[in-house]
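Order of the sequence lines sets the chain letters (A, B, ...), proteins ahead of strands, with each chain counted from 1. The figures that follow rest on heavy atoms only: side chains count, while hydrogens, waters and symmetry mates do not. Just so it is clear, the structure is predicted and the values come from calculations on it, not from any experiment.
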Amino acid sequence: MKTKKWLSTLLAASLMVLLLAACGKGNGEGASSASPSPSGSGSAAPATQSAAPADLSGNLVVWTYFDQVKILAEQFMSKHPNVKVDVQVFPGDQYQTKLMTALQSGKNAPDIMDLDHGYIGKFLESPYLADLSAMGGEDLVKTYVPYVTAYGRSADGKLRAISDNSSPGGFWYVKETAKKYLGTDDPDQISAMVDSWDKVIELGKKVAQDSGGKVHLIQGASGLFDIEAFNTETWVKDGKLNIDPKWQETYATQLKIRSEGVDAKLGFMSSGWGSALNDGSVVLTSMPSWATFMIDNKDGKAKGKYGIAKTPEGWYNGGRWEAVYEKSPNKELAYEFLKFVASPEWQKYNLEKTGNMPGNAAVFDELQDTFKGEMYGDQLILKGFAEQMKNMPAREPNKYDDEILSKWVKVASQGIDNNTPYDDVVAAFKKEVKNTYPELKVE
Amino acid sequence: MKTKVNKSAYGYLFISPFFIAYTVMGLVPILYTLYLSFTKWDGFTDPVFVGLANYERLLHDTFFYQTIGNTLIIWIFSIVPQLILALLLALILNEKFIRGKHFFRAVFYFPHIITPITLGVMFALMFDWQTGTINKLLMNAGLIQDPVHWFNSPWWSRIIAASVICWQYFGFNLIVFIAGMQSIPTEVFEAAQVDGATKKQVALRITLPLLRPVFLFTLITSVIGGLQLFDAPLMLGDGPGNSGRTMIMYLYETAFKAFDYSYGGAIAYGIFVIIMFFTAITTRATRMLKE
């Protein structure tokens, strides 16, 4: 009898333990066992010099939403065989929430985190990112594209995140289609044909006419949102909503593009957009360099198939920055990782392997006269981007811009579809902003 | 003589797993949300107590009122055809002479196994303006000249959202109805047959009235579920002028996209009150119908 009771108690207790264990699963997994790196433990070594391979050892946990970070980690580990980098990928919307929770609770937080262009602003002002300037980070970004560095700085001017990429945008085109409808597949000639929006509209009308309305010059009027996003002023100035007058001009252009049949009415990254990019049923696709992962290049299918022309205005879109967690026990080692991220060595490899454009202008300078991508035949693709990237205005991130831009895109896109007057679009937009951010002054 | 009830303390131990799980996973977050709704919190800085400010904002929030209307419209558009369809099919599949009943039951139930997100994406692709199958079909059949921009019309947006839900749940209701029909005693049907009742009379005078409790069950469960519409409509988007945005979508956008957790908390409690209200109405209606 006694044993029976004892047994059932034990059973119930073990069930409870199991249950609680299931609830708390994963609480310990991120707390990387740290054996601080001997070389990084002091600032004895000059910051710019990478430590000798055998010097570094320990474990790092990297959180990201981007699968290709695994390639970065592999390269780092092959250089430093005693370091183990655990890359954890969380795709989609959940990443940001997960990261915020981990940082705030301090439990299970990564040593290194990836931050997207869209929301980096508020993270930079939080107390969770290590001050890279104090660790020697300024030396790493000396030769960087200005806007890339600016986007990793907090308001006090300290460097808190570094990116290995810049994301220049341009018009991608399938050469065959371009030759057929534009009469040439030469990037410089095409760039000259579309160096203003008026010219785009005129050319678009002609393409639509020649093809009997079947082929369009550009994918979507919505592409202009991305192109103008960083060619306009920030959305919030001194606590007030600020609508750059340029948006009115842009909106008028978008309406015209739509009414003249210049665009195929396809949204960026929609399924139709992806097929048009691959089969060339639209002549020009405006997109940032990282979007090339949408091109199907299996077995070299896209070899020499594409060209890149300049858009009427230079632009960039998105980007991924990496930061070190302030309370990470492996800060020094994590900094070594960022050093690698910023190095031309890695960025060159990344460019060749994935086509991601470097953030370090030194790589642009070094390779612009030689680098050719597999998909682009003989075109020197870096050359076209080098000037554009260096001249992009550097802009300080803030916590509103991305979300407010997405509201503008939402409201103005509906406006384009319905041919709504600009003032009505602005009124609807202001209402949305006011509702989400009551703290902002909206006039 | 006193009867002795065995109040062994072990009983508490045995029921404790549920209560612990509920406290950790359910109660604590619910109460924490309530606490947050009285603060201002963006997820980074420490929450600042602001009293009822969030609720005051909620009361004046026209976007919130719009989402209540949207949710109700989508719910009605989905529940009415859903119940009619389920009932008709249940009546047919309950007939003795139908072959392959089990096969059809299984087939109709399939959509219920698919996650709503998948269904939402699927419908979004099907009804896509430029590349959707529906437009291609209609154009090839010569019914329309230019593709229809479905999601640019408030009513089409809502109807498509409603049809996703309708399609997903009619199979479930079908099974519930069939189960209800099979629990009706066969004597009643036999008696009707002997009296020479037609099929229609049997359906209208016997099956339907006796199915009333089952009806009420589906109605009540669908009120709570219907007012919490989220995943499928989320994949279809806000619709023009936010006409397809449901209450929970608004909560999600506020809390997890704009990162206004505190106002999100207030919205959550607002939704709670609304669902309570409608549940109370349904319960009251049920009681009245029973009498």
Side-chain angles (χ1 to χ4, degrees), chain A residues 5 8-9 11-13 15-20 22-24 93-94 96-97 99-101 103-104 119 122-123 125-128 216 219-220 263-267 270-276 399-400 402-404 406-407 410-411 413-415 417-418 420 428 431-432 434-439, chain B residues 8-21 23-25 40-47 53-54 56-57 60-64 66 121 124-125 128-132 146-147 149 151-154 234 237-243 250 252-261 263:
Chain A
K5 256 191 181 172
S8 47
T9 319
L11 189 71
L15 273 175
M16 256 171 60
V17 170
L18 259 177
L19 182 90
L20 290 174
C23 297
D93 281 358
Q94 299 305 315
Q96 199 190 154
T97 316
L99 186 60
M100 280 171 85
T101 317
L103 293 180
Q104 197 150 52
Y119 49 73
K122 62 177 175 239
F123 281 86
E125 301 310 320
S126 77
Y128 306 117
H216 303 275
Q219 294 255 20
D263 74 330
K265 303 173 195 164
L266 294 167
S270 67
S271 62
W273 180 92
S275 19
K399 64 176 189 170
Y400 296 108
D402 190 61
E403 189 57 23
I404 294 187
S406 77
K407 284 183 190 301
K410 176 174 131 182
V411 177
S413 298
Q414 286 168 16
D417 288 345
N418 296 314
T420 316
K431 202 176 153 200
E432 292 255 357
K434 213 172 179 169
N435 183 64
T436 309
Y437 302 108
E439 71 271 22
Chain B
S8 167
Y10 290 110
Y12 293 108
L13 191 62
F14 288 130
I15 58 166
S16 62
F18 166 76
F19 285 98
I20 292 173
T23 313
V24 176
M25 306 293 215
K40 177 88 198 143
W41 189 49
D42 62 1
F44 270 134
T45 44
D46 291 326
N54 284 318
E56 206 183 311
R57 185 177 155 194
H60 296 105
D61 187 346
T62 49
F63 283 96
F64 180 62
Q66 188 195 17
V121 172
L125 289 176
D128 189 81
W129 183 18
Q130 294 300 321
T131 53
D146 294 312
H149 193 351
F151 294 109
N152 192 34
S153 141
L234 182 74
D238 280 347
N242 303 318
S243 55
Y250 187 51
Y252 174 76
E253 283 173 18
T254 309
F256 300 106
K257 284 183 116 175
F259 291 95
D260 193 344
Y261 288 114
Y263 188 50

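Only the side chain of B:F259 comes within contact range of chain A, with heavy atoms under 4.5 Å apart. Heavy atoms of A:Y128 lying under 4.5 Å from chain B belong exclusively to its side chain. Only the side chain of B:T62 comes within contact range of chain A, judged by heavy atoms closer than 4.5 Å.
Contact annotation: the side chain of B:H149 approaches that of A:D417 to within less than 4.5 Å [non-hydrogen atoms, C-beta and beyond]. The shortest side-chain heavy-atom distance between B:T131 and A:S275 does not fall under the 4.5 Å cut-off. Annotation: side chain of A:E432 is in contact with side chain of B:F63 (closest heavy-atom distance under 4.5 Å).
With rounding to the nearest 0.5 Å, the separation of CD in B:E253 from NZ in A:K407 is 7.0 Å.
Not a single ring-ring contact (aromatic ring centres under 6.0 Å, His included) links B:F64 to another residue, sequence neighbours left out. Residues passing the side-chain hydrogen bond (donor to acceptor under 3.5 Å, both in side chains) test with B:Y252 are A:D93, sequence neighbours excluded.
The nearest pair of heavy atoms linking B:K257 to A:E403 is O-OE1, 3.7 Å. Of all heavy-atom pairs spanning A:K399 and B:D42, the tightest one is NZ-OD2, 4.2 Å. What you find for A:Q414 and B:G241 is that their closest heavy atoms are OE1-N, 3.1 Å.
A salt bridge links B:D238 to A:K410: one of the charged nitrogens lies within less than 4.0 Å of a carboxylate oxygen.
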Q: Given side chain to side chain contact (heavy atoms under 4.5 Å, CB included), test B:L125 with A:S271 step by step and report yes or no.
A: CA-CA 8 Å; B:L125 289 176; A:S271 62; 3.7 Å; yes
Q: Under the side chain to side chain contact (heavy atoms under 4.5 Å, CB included) rule, what do B:D260 and A:T436 come out as? Steps first, then yes or no, please.
A: CA-CA 8 Å; B:D260 193 344; A:T436 309; over 6 Å; no
